[in-house]
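Order of listing sets the numbers, starting from 1, for every ligand and every atom in it. Count residues from 1 along the sequence. If you're wondering where the values come from, they're calculated on a predicted model, not measured in any experiment.
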Amino acid sequence: MSDEHHPARPNGRSVYLETFGCQMNVLDSELVRGQLAALGYGFTDDPTSAAVVLYNTCSVREQAENKVLSRIGRIGVWKKRGHKVILGVLGCLAEREGSAMLRKYPQIDLMCGPGELDNLPMLIDNAMKTEAVEVADRVALQGNKTRRWATLAAAEDNLELLDLSRSFDPDRASAGGRSAYVRITRGCNKFCTYCVVPYTRGAEVHRPPDHIVNECKRLADLGVIEITLLGQTVNHYAYTHGPAVTVNGAEAAQVGPGLSAFASRGAKPQAARRVTTFADLLKRIHDEVTAVKRLRFVTSYPRDFGDDILAVMAECRRICRYLHVPAQSGSNRILKLMNRGYSREHYVEFIDRARAALPDVSIAGDIIVGFPTETDADFEMTKDLLRRVRFKNNFIFKYSPRPGTAANARLGDDVPPLVKRRRNRDLLALGALISAEVHAEYVGRVVDVFVQKVSEKTTKRSAPGGGRVQLGWETPPIQMSGRTGGDLITVFDVPASHSCDDLVGRIVPVRITGSGPLILIGEPVVDQAQGAAYPAAMVDS
Ligand code: SAH
Ligand code: SF4
Ligand code: F3S
């Protein structure tokens, strides 16, 4: 996008939508896209030619916010030069900042928190009609802030309707339209002291199991073979049948319990009420939606991950042996200050239990370095945890103080930036060593790889032949990239007999021949009897 380019008359109903942040936002953007497409809006990849520019934002760290603020600044420059465009800020930053941001950035026409996305078309429509210039005419819809403290009338939760009206577009979805996200819970009730999510996404709301299963079935009918269930703490999913119904008597979304409501072995069923637990939900999707070959879920919470869930995972081969289960720190003192509700010993006990039930499970996580008061000794405990658990990988974040959170109010931000940077670097180096060992163990094995795309290496080289394979002396083979069930990135060269278009969105057996800290390298298993073709039984099974 160029600062110089600012056409005076952008295309009437074209929308540019850019997404920042987590998978929740990716799914929200998909819902927004479907909702606006149904109303006759078109989409463009070029913000300069759009009538409406929407940023779906993240607020989890300051850096995430800065990214979008620079985009907003750029649109401000365009508008000053006379460029006509409606600028909408959606998502977690809109929820956190709301009208304060409208006052600061006159170029923003509307803001819409994640809990109000069902109202977005109305907001855009109003902005188009009024071409508002006064701050007073512009709108910031922040639902979760108010909703959190009021009783959430789940039956009135229009967001559920937005999820239900989802129109999945395979052309836009990843892995050739064969991979999709499905939300099981919204929001979070855990209140980790550093985190904005409970404030931006509001109270934890659990979707009715029938809605979730039906959504999975609809996606499978559209060709989806990989489904990732989404929630901030998926293992705490528990739907109590009975109390939450709509006016028509159908089941409605329902507010979930906080951390204190959990016993040590999973969600406590309410007396005499039937409860669908996360284990039940996984089993139902696995058994009722057999066209889905890979069922995965993020994010797991290290506390109260019951043996019932592990047993379902062990029993059902189509549920991926993969857990993203952030530890955040290896120091009990820091975990306590974070209000995580578990100790390092609990965490390790869970990992051992998971590995005993699922010997081939791969474990990933998140770590925060430089949390307030973190000493070198605390940090050593985190390094020690990495060695003990042998994670496939960890996302490592430098602590970022977030306005409105308890840690920010009570603990400040006393670890100097240089120390945070050093700990970040040290942990990345240690993590890379461990990941390299974990990946090296796969060399010589055959793994099933869900092929997602042409690899970045090939894309950078600007693939000849428009994505079709053209083998010859001058043309290096195209490299594809995909993931194992355990989420290990795997690359391989397309064999002469195949085109990459045939492979995207399929599951193919790959023999691993090499590895690095972040990837496996392999070659597809070719059926000798049939020449170059993959054995039919092993593809997509
Ligand atoms: N619900 C998930 C995490 C959601 S946020 C869980 O509880 O595990 C994703 C990650 O961002 C967190 O796991 C944490 O590592 C990181 N994060 C959240 N707030 C942060 C902050 N203020 N500073 C740095 N990292 C943060
Ligand atoms: Fe944030 Fe904690 Fe909730 Fe995760 S569990 S979203 S870190 S408050
Ligand atoms: Fe960011 Fe909101 Fe997700 S703060 S991480 S987009 S829930």
* Leaving out waters, which are not shown anyway, how many protein N, O or S atoms lie closer than 2.8 Å to atom 2 (Fe) of ligand 3? -> 1
Heavy-atom nearest neighbour in the protein, as seen from [atom], with distance rounded to 0.1 Å:
| atom | answer |
| --- | --- |
| atom 22 (N) of ligand 1 | Ser400 O, 2.8 Å |
| atom 7 (S) of ligand 2 | Tyr194 OH, 3.3 Å |
| atom 4 (Fe) of ligand 2 | Arg340 NH1, 4.2 Å |
| atom 4 (C) of ligand 1 | Gln232 OE1, 3.3 Å |

[X] N/O to ligand 1 N/O under 3.5 Å:
| X | value |
| --- | --- |
| Tyr194 | yes |
| Arg61 | yes |
| Arg402 | no |
| Gln328 | yes |
| Asp366 | yes |

Can you find a side-chain donor-acceptor pair between [X] and [Y] that sits under 3.5 Å?
| X | Y | result |
| --- | --- | --- |
| His324 | Asp366 | yes |
| Glu116 | Asn119 | yes |
| Arg333 | Thr373 | yes |
| Thr193 | Asn339 | no |
| Glu204 | Thr185 | no |
| Asp378 | Thr375 | yes |

Atoms of ligand 1 less than 4.0 Å from [X] heavy atoms?
| X | result |
| --- | --- |
| Arg340 | 6 (C), 7 (O), 8 (O) |
| Pro326 | 8 (O) |
| Tyr399 | 23 (N), 24 (C) |

[X] versus [Y]: any side-chain heavy-atom pair under 4.5 Å?
| X | Y | result |
| --- | --- | --- |
| Val89 | Thr57 | yes |
| Leu488 | Arg483 | no |
| Arg201 | Val196 | no |

* Those atoms of ligand 2 less than 4.0 Å from some heavy atom in Tyr301 -> 5 (S)
* Above 12 or not: heavy atoms from other molecules or residues under 6.0 Å from CD of Glu62? -> no
Close aromatic pair by centroid cut-off 6.0 Å: [X] and [Y]:
| X | Y | value |
| --- | --- | --- |
| Tyr239 | His206 | no |
| Phe297 | Phe278 | yes |
| Tyr301 | His236 | yes |

* Determine, using heavy atoms of Lys398 and all atoms of ligand 1, whether some pair is separated by less than 4.0 Å. => yes
* Answer with yes or no whether Thr299 contacts ligand 1, where contact means a heavy atom under 4.0 Å from a ligand atom. => yes
* To do: Mind telling me whether Tyr347 and Phe391 have parallel, tilted or perpendicular rings, with 30° and 60° as the class edges?
  => tilted
* Cation-pi check, Arg96 onto Tyr199 ring (under 6.0 Å, within 45° of axis) -> no
* **cation_pi(Arg218, Phe168) dist<6.0 Å, angle<=45** => no
* SB check Glu160 Arg207 (cutoff 4.0 Å) -> yes
* Asked: In ligand 3, which numbered atoms sit nearer than 4.0 Å to a non-hydrogen atom of Gln232?
  -> 7 (S)
* Protein N/O/S atoms closer than 2.8 Å to atom 3 (Fe) of ligand 2 -> Cys188 SG
* Among Arg172, Arg166, Arg183, which residue meets the salt bridge (charged side-chain N to carboxylate O under 4.0 Å, His left out) test with Glu30? -> Arg166
* Residue part near ligand 1, for Val60, under 4.0 Å between non-hydrogen atoms -> both
* To do: Please state which part of Met24 comes within less than 4.0 Å of ligand 1, counting heavy atoms only: side chain, backbone, both or neither.
  => neither
